[in-house]
Number of protein chains: 2
Amino acid sequence: MSPAPTGTRNDTARPTTTRDRLLSATAQVLSAKGYSETRLTDIAEVAGLRAPAVYHYFSSREELVAEVMTVGQRLVREHVTDALAALPAGTGVVERIETAVEAHLLIELQLSEFATAVTRNAGQLPDDLRDRVRDEGTAYHALWRDLLEQARTEGLLRTGLDPRAARMLVIGALNWTAEWWSPRQSPLPVLVRTAQSLVSAGLFEP
Amino acid sequence: MSPAPTGTRNDTARPTTTRDRLLSATAQVLSAKGYSETRLTDIAEVAGLRAPAVYHYFSSREELVAEVMTVGQRLVREHVTDALAALPAGTGVVERIETAVEAHLLIELQLSEFATAVTRNAGQLPDDLRDRVRDEGTAYHALWRDLLEQARTEGLLRTGLDPRAARMLVIGALNWTAEWWSPRQSPLPVLVRTAQSLVSAGLFEP
DNA sequence: GTCTATAAGTAGATAGAC
DNA sequence: GTCTATCTACTTATAGAC
């Protein structure tokens, strides 16, 4: 497994090794064109190589895509986890969820092409690849499940919400932003505030 | 353009013509495997034919996929429009939006494989195909924009929400259900009620 | 209308030179 | 480590029989 990308969007900007450059190039092409249109030739070209050179670093196209997806999912989870950890001890669950919403949107839309690649392509992978990426995704969902469970325990969750459905609807709203958001139509802070407001009011008792 | 599919999931159940059977088969394969893994051979097999027979009805794979996507997007819009039209005159905007939420989820998850195909694959299409499907999608978003604009005009919309971002987050939450929902994990009515509750509380003043 | 046979094109992967 | 050249497999699409 490679060292984590730098964490500025541009994980593609100043890659050190050729291997990392290939991973970044793959994330970039996956984000822009989707799994079906992602050719090894395109990846190699973005990385400044010819296709056969890829095989010096990865045993197959599948290995390359799998690593990008795993890294991307891990980046999302780590970024959200770190943001929560940075909150003062005793921060309430409402603010914690708003922090998670912001962190998810930032990593997905601004900080990492790897994260975008995961969101846009996880559902399109062939079964074997999807299986290989699943564990990281499960861990991320567990993070949200814990947040909602905490809210429920404290009696803050609105009644009539199925916890699992509510969690998936919220994550879905956030993930779908990768399909439509562009900085030219609405600034990211506007989106973040709207998402925080929508999620808070939707989940919590007034 | 073919006659609309029957509107029970399955549009694939009792198709009359071979052409309709091909469209249904395409919707089914697209929903299950995604655009990248949808082969003409798979489609033909589901329809009970060999691949070359497809060319008797469609000039290319692209034509076939394009028609499925257009039909699917139209079905979603018509189903939601019809559900709204069936409400008594003077029904308030809150209930109208809850009706739209339910109609969207029903057509997408239960009534039409065509609708699922659109939601899961619209973002993965090559550019030329995406352009051809765009108009129907725009019309559907206009429907939601009008609903939210009506809420805003009546002073029901919570402050701090960007209308466009809020609309896309809501539609995104609904669309993403196609990626995760299965009837075995939570019954559809549970999902519908949770989504209605989340959206209503998220959008409207208490 | 649907088939078998096959052409034409493209993508992933390998061989071997440098 | 990266290249050119090539192989193999697969997919769309066409030709022509029935």
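Chain letters run A, B, ... following the sequence lines, proteins first, then strands; residues in each count from 1.
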Report task. Shoot me the first and last contacting nucleotide of DNA chain C against chain A, ordered 5' to 3', at under 4.0 angstrom to non-hydrogen atoms. Result ->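 Terminal contacting nucleotides, 5' to 3': C/dA11 to C/dT14.
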Decide, yes or no, whether a salt bridge links [X] with [Y] under the criterion of side-chain N to carboxylate O below 4.0 Å.
X: A/D127; Y: A/R130; answer: yes
X: B/E113; Y: B/R120; answer: no
X: A/R132; Y: A/E63; answer: yes

Query raised in the report: Which word best sums up how the rings of B/H104 and B/Y140 line up, parallel for under 30°, tilted for 30 to 60°, or perpendicular for over 60°?
Result: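 Tilted.
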Report task. Return yes if a side-chain donor-acceptor contact under 3.5 Å exists between A/T119 and A/E108, otherwise no. Result ->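 Yes, A/E108 and A/T119 have a side-chain donor paired with an acceptor closer than 3.5 Å.
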Query raised in the report: Can A/S197 and B/R158 be counted as having a side-chain donor-acceptor contact under 3.5 angstrom?
Result: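 Distance-only check passes for A/S197 and B/R158.
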Between N or O atoms, less than 3.5 Å apart, protein on one side and nucleotides 7-11 of chain D on the other: list the pairs.
unit_1 : atom_1 : unit_2 : atom_2 : d
D/dT11 : OP1    : B/R39  : NE     : 2.6

Give the table of side-chain donor-acceptor pairs shorter than 3.5 Å for residues 186-196 of chain A, with sequence neighbours excluded, one pair per line with atom names and distance.
unit_1 : atom_1 : unit_2 : atom_2 : d
A/T194 : OG1    : A/V190 : O      : 3.0
A/T194 : OG1    : B/D162 : N      : 3.0
A/Q196 : NE2    : A/E98  : O      : 2.9

Query raised in the report: Whole-Å distance between D/dA13 P and B/Y55 OH?
Result: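 Between P of D/dA13 and OH of B/Y55: 3 Å.
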Requested in this report: Check the distance between D/dA13's C1' and B/E62's CD and give it to me in whole angstrom.
Outcome: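 In whole Å, D/dA13 C1' lies 14 Å from B/E62 CD.
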Query raised in the report: Is it true that the NZ or CZ of A/R61 lies under 6.0 Å from the centre of A/Y35's six-membered ring and within 45 degrees of the ring axis?
Result: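 Yes, A/R61 lies over the aromatic ring of A/Y35.
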